[in-house]
Number of protein chains: 2
Amino acid sequence: MSRETIICTVDVVLLSLKDAALHVALLRREHEPFAGALALPGGYVRADEDEDTESAAARILFEKTAIVSPYLEQLATFSGRARDPRGWSISVAYYALVPASLLELEHHPEIQLLAVDPLKGLPFDHRDIVQAAVARVRSKSSYSSLPVFLCGEQFTLPQLQAVYEALLGESINKVSFRRKMDELDILEPVQGARETGRANRPAQLYRLKQAYRKLLSTTDRAINPD
Amino acid sequence: MSRETIICTVDVVLLSLKDAALHVALLRREHEPFAGALALPGGYVRADEDEDTESAAARILFEKTAIVSPYLEQLATFSGRARDPRGWSISVAYYALVPASLLELEHHPEIQLLAVDPLKGLPFDHRDIVQAAVARVRSKSSYSSLPVFLCGEQFTLPQLQAVYEALLGESINKVSFRRKMDELDILEPVQGARETGRANRPAQLYRLKQAYRKLLSTTDRAINPD
DNA sequence: GGTGTTAGTTGAGAAATGAATCTAAGTGGC
DNA sequence: GCCACTTAGATTCATTTCTCAACTAACACC
């Protein structure tokens with residue numbers, strides 16, 4: 001290996017909300033180092049197969065979890081000698097947001113969901129990577145529409161507010177929240193659809209407007225992490 | 001070259017303010033491809049020499065321009081087949097902010113400063129990278145202390161406000177600006193030091209508080225691009 | 001000492017925010 | 001069928017925050 005040639009990997013931080021707390025999806029490693037340990041899904045970037053690192057991330061996430069995330073964004077690149085016992089390495093980290101319904105245990109028995117808050121015991125620098133992803137998601141949550149990707153296809157405003165509150169760790173004023181959602185102008189009511197099965201007034205169901213449903217290009221989003 | 005082995009480079013977007021407009025520092029390429037064209041300073045990451053990609057960026061910036069930037073932050077990683085005629089490649093991009101005084105032409109004759117606003121004719125995907133850096137700087141300018149790194153060691157509040165206004169492209173209310181600076185609590189007046197040499201009331205000189213003068217760690221900043 | 005120019009502060013009016021209240025729309029008890 | 005209960009969603013209004021303009025301050029120059 002020439003001195004300018006390097007092994008490049010990607011790691012994916014797959015986040016979801018469970019019991020009103022952020023959880024990260026981890027898999028048991030099959031190979032050394034750290035065989036048997038819980039770690040982020042990751043793998044090698046293949047210049048001959050992958051269009052770029054984002055498609056490498058999507059490929060690896062799908063190969064390892066069979067999940068196609070509606071939101072996948074580049075987080076940062078981690079490099080150095082300390083992060084892997086085998087020596088200097090580089091990894092482009094991505095983070096993905098999926099609704100809890102996509103991670104139901106019966107369909108994905110290999111995925112372990114771990115709360116991100118007291119997070120410990122991860123191999124490599126995966127704890128740093130997860131914390132970076134969590135910080136980014138929480139930071140963007142205060143002024144963007146990011147959290148809608150943690151909800152399912154359709155959701156009510158009270159549900160969405162609860163998601164924001166879980167991420168930000170504080171309660172939000174109902175009027176302010178609805179005003180902000182109105183300003184963002186990214187939601188549309190699902191005509192005629194209301195919540196069902198509760199013993200009180202059912203809430204209006206909303207969904208992301210079509211224009212925001214498909215992913216923006218990676219660079220657009222990586223650049224304006226806000 | 002095995003299929004999982006890749007050439008990894010870094011590119012540095014060195015930004016400064018000249019004539020109230022953002023400019024990017026470019027160098028003439030010595031080698032093919034695009035020999036002779038103006039391009040971002042960049043080079044190979046060397047696993048045997050560089051601690052990580054950030055120190056690679058600092059090393060390359062210094063080797064090519066003799067500049068040590070007080071602010072250097074990871075921007076994003078660009079990859080794919082289209083960005084380099086030689087084939088699939090990957091580059092970790094960093095951006096740096098320096099005061100105009102550090103770029104005076106007599107000391108750096110090899111550096112060409114180009115306004116970032118109508119930016120065209122750059123090789124590779126360097127235009128995308130510069131635009132990403134500019135978008136990031138502008139975006140962070142609205143709520144952070146980033147722009148102080150475009151000023152010199154000491155500066156007055158009216159000078160700093162002019163820098164913010166140049167970046168944001170709009171005028172800022174004087175009271176709001178001073179209130180925000182006060183809240184940020186990152187500046188301290190230089191005792192006894194005031195602006196000199198103008199025919200009116202001289203302004204108080206300020207500087208970044210010591211705690212903010214040294215760089216934070218890359219990951220800290222890359223994670224919270226806000 | 002007066003004048004012009006820019007620094008920095010003050011205060012009134014406008015706008016945004018947030019807590020409490022009120023009305024609406026369902027279910028279930030009786 | 002009517003009433004009580006619960007939660008959705010709108011409204012009200014006090015409070016805070018922002019904005020603009022005017023005002024005072026400090027210097028150089030004439």
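Proteins get letters first, then strands, A, B, ... in listed order; numbering begins at 1 in each. Predicted model only: the values in this text are computed from it and were never measured.
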Next on the checklist: Strictly by salt bridge (charged side-chain N to carboxylate O under 4.0 Å, His left out), give each pair with a member in residues 11-29 of chain A just once, sequence neighbours left out.
Outcome noted: A:Asp11-A:Arg83
Next on the checklist: Checking the side chain of B:Gln74 only, and the main-chain atoms of B:Val92 only, is there a donor and an acceptor separated by less than 3.5 Å?
Outcome noted: no
Between side-chain atoms of residues 149-164 of chain A and protein atoms elsewhere (two or more places apart, or another chain), which donor-acceptor pairs fall under 3.5 Å?
{"from": "A:Thr156", "atom 1": "OG1", "to": "A:Gln159", "atom 2": "N", "distance (Å)": "3.1"}
{"from": "A:Gln159", "atom 1": "OE1", "to": "A:Thr156", "atom 2": "N", "distance (Å)": "3.1"}
{"from": "A:Gln161", "atom 1": "NE2", "to": "A:Glu165", "atom 2": "OE2", "distance (Å)": "3.2"}
{"from": "A:Gln161", "atom 1": "NE2", "to": "A:Ile172", "atom 2": "O", "distance (Å)": "2.8"}
{"from": "A:Tyr164", "atom 1": "OH", "to": "A:Ser144", "atom 2": "O", "distance (Å)": "2.7"}

Item to check | Under 4.0 Å protein heavy-atom contacts per nucleotide of nucleotides 17-30 of chain C, with B for base, S for backbone only and - for none | outcome: BBBB---BBBS---
Item to check | Test side-chain hydrogen bond (donor to acceptor under 3.5 Å, both in side chains) applied to A:Arg138 - qualifying residues, sequence neighbours left out | outcome: none
Checklist entry - Which part of the nucleic acid, if any, lies within contact of A:Gln204, taking any heavy atom under 4.0 Å across all strands shown: a base, the sugar-phosphate backbone alone, or nothing? => result sugar-phosphate
Could you pull out all donor-acceptor pairs under 3.5 Å where a side-chain atom in residues 174-182 of chain B meets a protein atom, sequence neighbours excluded?
{"from": "B:Ser176", "atom 1": "OG", "to": "B:Asn173", "atom 2": "OD1", "distance (Å)": "3.2"}
{"from": "B:Lys180", "atom 1": "NZ", "to": "B:Ser142", "atom 2": "O", "distance (Å)": "3.0"}

Item to check | With A:Thr53 via side-chain hydrogen bond (donor to acceptor under 3.5 Å, both in side chains) - residues at least two apart | outcome: A:Tyr94, B:Ser79
Checklist entry - Using a heavy-atom cut-off of 4.0 Å to chain B, what are the terminal contacting nucleotides of DNA chain D, in 5' to 3' order? => result D:dC18 to D:dA28
Next on the checklist: Tell me every residue that passes salt bridge (charged side-chain N to carboxylate O under 4.0 Å, His left out) with A:Glu170, counting only those two or more places apart in sequence or in another chain.
Outcome noted: none
Item to check | Listed partners of B:Thr65 passing side-chain hydrogen bond (donor to acceptor under 3.5 Å, both in side chains), at least two apart | outcome: none
Next on the checklist: List the residues meeting salt bridge (charged side-chain N to carboxylate O under 4.0 Å, His left out) with B:Glu188, not counting sequence neighbours, and say none if there are none.
Outcome noted: B:Arg207, B:Arg213
Checklist outcome for this item: Sorted by chain and number, sequence neighbours left out, salt bridge (charged side-chain N to carboxylate O under 4.0 Å, His left out) with B:Glu63 holds for B:Arg59
Checklist entry - For DNA chain D, which residues in residues 153-171 of chain A have a heavy atom at a distance below 4.0 Å? => result A:Pro158
